[in-house]
Amino acid sequence: MSISAEKIVIEQRPHMVVNQDYVSILENCGLLDFDRLYHFQNGTTVKQIQDRGVLRMEIRTGDLNRHFYLKRHVAARIGFWDMLGSFCSGKSPSPGRFEFENIRDFRDKGIPTVVPVAAGEREIGCGRYESFLLTESFEPYISFEEIIYKHPERLQGTEGARRKAMLIKAIARLARQMHDAGFNHRDFNATHVLVGPEDENGNSPLALFDFQRMDRKKWLRLKWFIKIMAELSYTMPAPLFNDRDRLLLFQSYKDSSRIGILERLQLKWIRMKMKRIGKHTDNIMKNRKQIHHV
């Protein structure tokens with residue numbers, strides 16, 4: 001299984017760190033090296049934008065083909081505030097190493113994530129870094145978003161309603177666990193929540209991935225709650241989800257069925273935030289269409 005909350009032991013290599021469980025695998029295929037991993041080309045491009053790309057790669061281990069995702073960041077200059085934050089926190093300035101360290105921190109608190117395999121960073125100029133993150137593929141887990149759009153029947157009907165309620169409660173508890181641990185995944189939504197196969201009791205384990213954007217400012221805890229409720233609610237669209245489902249998410253996070261004056265104000269705040277997210281998303285889509293037609 002490529003998902004867990006187990007702590008990992010790392011091994012230091014020139015310009016990179018490696019999960020000790022994967023040292024021999026990378027060494028056997030000649031990838032225990034920054035340059036060979038960073039410039040690896042034998043795979044399928046999953047995403048490619050200006051500042052980063054993601055490659056799905058296959059590695060033969062014994063009689064099995066194992067799949068990995070290589071996220072590479074180009075040598076963009078690290079901003080002043082990011083450098084200052086890195087200096088104050090002791091975290092790496094490059095996005096590849098930073099995400100690897102975030103995954104380790106989550107696991108140290110018992111929060112399940114994808115498996116971090118390796119990460120590297122190399123400064124190639126003043127404040128400019130090449131970096132990468134390598135993780136193992138998370139199959140058989142799939143994203144909550146994929147269930148919503150490709151397998152909506154799993155959340156419909158009597159049995160689907162039961163499954164939907166269990167998932168909503170579990171996602172809310174995962175969000176609360178994360179915040180109680182002092183972390184805020186700034187893209188905690190249906191896209192980045194992973195859902196595992198159901199057990200004999202109908203429960204599905206959950207996990208998170210894509211830890212590039214993180215917040216640890218505990219004094220913003222209330223803002224964390226509002227933002228995460230709005231983002232999750234926005235990515236739970238009608239008609240598959242309704243206001244009762246969103247209220248269940250809210251109450252499950254709070255572990256309370258009470259709806260007092262404070263709760264009503266928070267719910268109103270969340271709805272306002274959802275509208276802003278919707279407008280922002282619409283503007284992004286309009287800009288993309290305009291660029292496409294230019």
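Model, not experiment: these values are computed from the prediction.
For the salt bridge (Lys or Arg N to Asp or Glu O under 4.0 Å) with Glu99, the lone residue among Arg104, Arg213, Lys71 that qualifies is Lys71.
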Apply side-chain contact (heavy atoms from CB on, under 4.5 Å) to Arg122 and Asp35, showing your working.
CA-CA 10 Å; Arg122 181 169 59 189; Asp35 279 306; 2.8 Å; yes

Please assess Phe188 against Phe183 for the test ring pair (Phe, Tyr, Trp, His ring centres under 6.0 Å), listing each intermediate value before the final yes or no.
CA-CA 11 Å; Phe188 194 113; Phe183 305 136; over 10 Å; no

Assess whether side-chain contact (heavy atoms from CB on, under 4.5 Å) is satisfied between Leu208 and Leu174, documenting all intermediate values. CA-CA 9 Å; Leu208 294 171; Leu174 180 61; 4.0 Å; yes

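Aromatic ring pairs are classed by plane angle as parallel below 30°, tilted from 30° to 60° and perpendicular above 60°; the pair Phe144 and Phe241 is perpendicular. Taking the six-membered ring where tryptophan is involved, the planes of Phe250 and Phe225 are tilted, since the angle between them lies from 30° to 60°. Between Phe209 and Phe138, the ring-plane angle classifies as tilted under the 30° and 60° cut-offs.
Between the side chains of His73 and Asp51, no donor-acceptor pair of N or O atoms lies under 3.5 Å. Side-chain contact, Tyr69 with Glu136: no donor N or O sits under 3.5 Å from an acceptor N or O. Residues Asp187 and His192 bring no donor and acceptor atom of their side chains to less than 3.5 Å of each other. There is a side-chain donor-acceptor pair under 3.5 Å between Arg107 and Thr113.
Counting non-hydrogen atoms of neighbouring residues, nucleotides and ligands closer than 6.0 angstrom, the CG atom of Asn201 exceeds 12 such neighbours. In Lys254, the NZ atom is crowded: over 12 heavy atoms of neighbouring residues, nucleotides or ligands sit closer than 6.0 Å. The number of heavy-atom neighbours closer than 6.0 Å to CD1 of Ile261, taken from other residues, nucleotides and ligands shown, is 12 or below. More than 12 heavy atoms of other residues, nucleotides or ligands sit less than 6.0 Å from atom CZ of Arg221.
Following chains of ILVMFWY side-chain contacts shorter than 4.5 Å, one cannot reach Trp269 starting from Ile277, and the two form parts of different hydrophobic clusters. Leu37 and Val46 fall into different hydrophobic clusters, where Ile, Leu, Val, Met, Phe, Trp and Tyr residues are linked whenever their side-chain heavy atoms come under 4.5 Å apart, directly or through other members. Leu240 and Met166 fall into different hydrophobic clusters, where Ile, Leu, Val, Met, Phe, Trp and Tyr are joined by side-chain heavy atoms under 4.5 Å apart, directly or via other members.
Met236 and Arg246 make their closest contact through O-NH2, 2.7 Å (heavy atoms, listed as atom of the first residue, atom of the second, distance). Considering all non-hydrogen atoms of both residues, Gly43 and Leu55 come closest at C-CD1, 3.6 Å.
Pairs engaging residues 2-23 under the salt bridge (charged side-chain N to carboxylate O under 4.0 Å, His left out) rule: Glu11-Arg13 [sequence neighbours left out].
One distance of note links CD of Glu231 with CD1 of Ile270; it measures 12.0 Å at 0.5 Å rounding.
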